[in-house]
There are 2 protein chains.
Amino acid sequence: MRKKDETKEPRILDATAEIILKEGAAAVSTVKVAKHVGISQSNVYLYFKDKDDLIMSVYRRELNKIDATGDLELATDQSIPVAKRVRGYIKAVYDFALANPDSLTLIQQVKFLLGQHDTNPFEDYPEHENVVISVLQEAIDAGVIKPVPVSLLMSMVFSVIHTHTLNLQKNRYASNDYDFETFYSLIWGGMKQE
Amino acid sequence: MRKKDETKEPRILDATAEIILKEGAAAVSTVKVAKHVGISQSNVYLYFKDKDDLIMSVYRRELNKIDATGDLELATDQSIPVAKRVRGYIKAVYDFALANPDSLTLIQQVKFLLGQHDTNPFEDYPEHENVVISVLQEAIDAGVIKPVPVSLLMSMVFSVIHTHTLNLQKNRYASNDYDFETFYSLIWGGMKQE
DNA sequence: GTTGACAAAGATAGCTCTATCTTTTATGAT
DNA sequence: ATCATAAAAGATAGAGCTATCTTTGTCAAC
């Protein structure tokens with residue numbers, strides 16, 4: 001009984017992620033991925049059911065990275081004032097984005113490609129999003145932040161921080177030109193209830 | 001000498017836009033577009049040089065719609081205080097987005113698809129963006145808004161308003177549940193210098 | 001070593017697509 | 001009515017891709 005190469009699956013995912021970042025999610029093909037890894041094209045199908053599975057696996061891996069950081073945990077601690085927990089959430093996204101500069105881009109790319117499908121495959125992975133949604137909703141109910149749709153708040157956080165990491169990658173400015181407080185005040189200043 | 005059908009080019013663009021909205025920009029093909037319009041596939045090439053030209057034309061048409069609204073003009077009026085001009089810019093984006101619910105999605109989709117190309121084709125169409133950038137930069141210089149990268153401010157405006165229009169399309173809430181002041185205070189509260 | 005089982009490569013059917021070249025059709029001008 | 005011209009359709013070459021089926025290779029157990 002022959003064993004599977006344990007390093008191969010992550011290498012396939014790495015190659016796929018690289019193609020997504022360089023050429024966009026639509027440009028992914030099993031041919032390119034295999035060539036990139038140095039294996040046969042059909043070999044990919046031994047590790048992933050089909051192309052969608054491959055791309056969704058890249059997506060899930062990035063989501064798991066977010067969960068694994070665990071910085072979100074203090075956002076759930078009910079003994080902390082809700083405003084501080086919102087700050088904890090924003091800080092967690094910020095830290096994660098800086099530590100994993102490509103993650104948000106990958107997530108966005110895959111969502112963009114597959115989010116148009118008839119059956120949205122993302123409804124199934126809202127675990128950590130639930131935490132975020134409930135904290136923000138709680139803050140709204142407590143009158144701490146403005147009563148606006150939570151989806152709006154989340155996309156604001158996401159876009160500000162993601163744009164910042166993209167700017168860093170493009171060397172539009174140095175990483176120490178702006179710190180967390182800059183972005184936090186930009187986001188919090190908007191959402192906080194006066 | 002036979003004349004070209006004047007309605008055909010816009011109909012081709014309409015079909016392309018529809019496909020982008022329904023299936024994503026990556027799903028556009030001349031075959032699908034032609035079938036959608038009810039013409040032969042090769043006929044598309046009489047109106048557009050190649051597929052990229054077709055997709056970029058959809059993009060340019062949406063940009064032109066923005067320019068055509070002209071609401072941005074009051075943002076350039078130097079006699080108005082800069083804070084009011086920033087508000088004018090945000091209002092212009094808001095009004096435009098509500099009047100053209102698909103425009104921002106189309107622009108985003110095309111940017112996402114072609115923005116990964118080696119040669120970025122978007123550098124050539126920054127006309128109205130220049131206006132926006134200079135107003136925001138002016139506001140920063142005047143100490144009216146926080147000294148953060150202008151790209152960050154723009155993506156914040158874009159994402160908040162775009163998310164709102166998407167929420168409306170998905171019927172997540174009614175259009176009169178929130179008004180412009182809601183979103184303006186969300187954005188302005190963040191960027192304004194205390 | 002032989003063998004069984006499975007990994008990996010190879011090969012291929014069948015599809016979609018782009019862009020061009022060729023043929024047909026429609027229309028404005030004479 | 002004829003003709004020139006360009007629009008439109010038709011046909012096709014050539015490429016890339018997916019997913020499956022077949023063959024080969026490799027390793028572990030005995």
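All of these numbers come straight from a predicted model, not from anything done at the bench. By convention in this document, chain letters (A, B, ...) are assigned in the order of the sequence lines, proteins followed by strands, and residues within each chain are numbered from 1.
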>> Nearest whole Å is fine: how far is D:dG25 P from A:Asn43 CG?
In response: 16 Å
> Could you give the NZ-to-P distance, from A:Lys35 to C:dA9, as a whole number of Å?
Replying inline: 14 Å
> Can you name the closest pair of heavy atoms from B:Ile12 and B:Val37 and give their distance?
Replying inline: CA-CG2, 3.9 Å
>> Across nucleotides 15-26 of chain C, 5' to 3', mark each nucleotide with B, S or - according to how protein heavy atoms within less than 4.0 Å reach it.
In response: --SBBB----BB
>> Tell me the interatomic distance from B:Lys8, atom NZ, to C:dT27, atom P, rounded to whole angstroms.
In response: 11 Å
>> Looking only at the side chain of A:Ser40 (C-beta and beyond, no hydrogens), which of the listed nucleotides D:dA7, C:dA8, D:dA9 gets closest?
In response: C:dA8
> Under 4.0 Å: is that the gap between some side-chain N or O of B:Tyr47 and OP1 or OP2 of D:dA8?
Replying inline: yes
> Should B:Thr163 and A:Met154 count as side-chain neighbours, where that means a heavy-atom distance under 4.5 Å?
Replying inline: no
>> Any non-hydrogen side-chain atom of A:Glu62 less than 4.5 Å from a side-chain atom of A:Val110?
In response: no
>> Measuring from atom CD1 of B:Ile145 to atom CD1 of B:Ile187, what distance do you get when rounded to the nearest 0.5 angstrom?
In response: 11.5 Å
> To the nearest 0.5 Å, how far apart are OH in A:Tyr178 and NE2 in A:His164?
Replying inline: 9.5 Å
> Quick one: A:Arg11 CZ to C:dA7 C1', roughly how many Å, whole number?
Replying inline: 13 Å
>> Is there a continuous path of hydrophobic side-chain contacts, each under 4.5 Å between heavy atoms, that joins A:Tyr173 to A:Leu186?
In response: yes
> For the pair made of CG in B:Asp5 and P in D:dA6, what is the distance, rounded to whole Å?
Replying inline: 17 Å
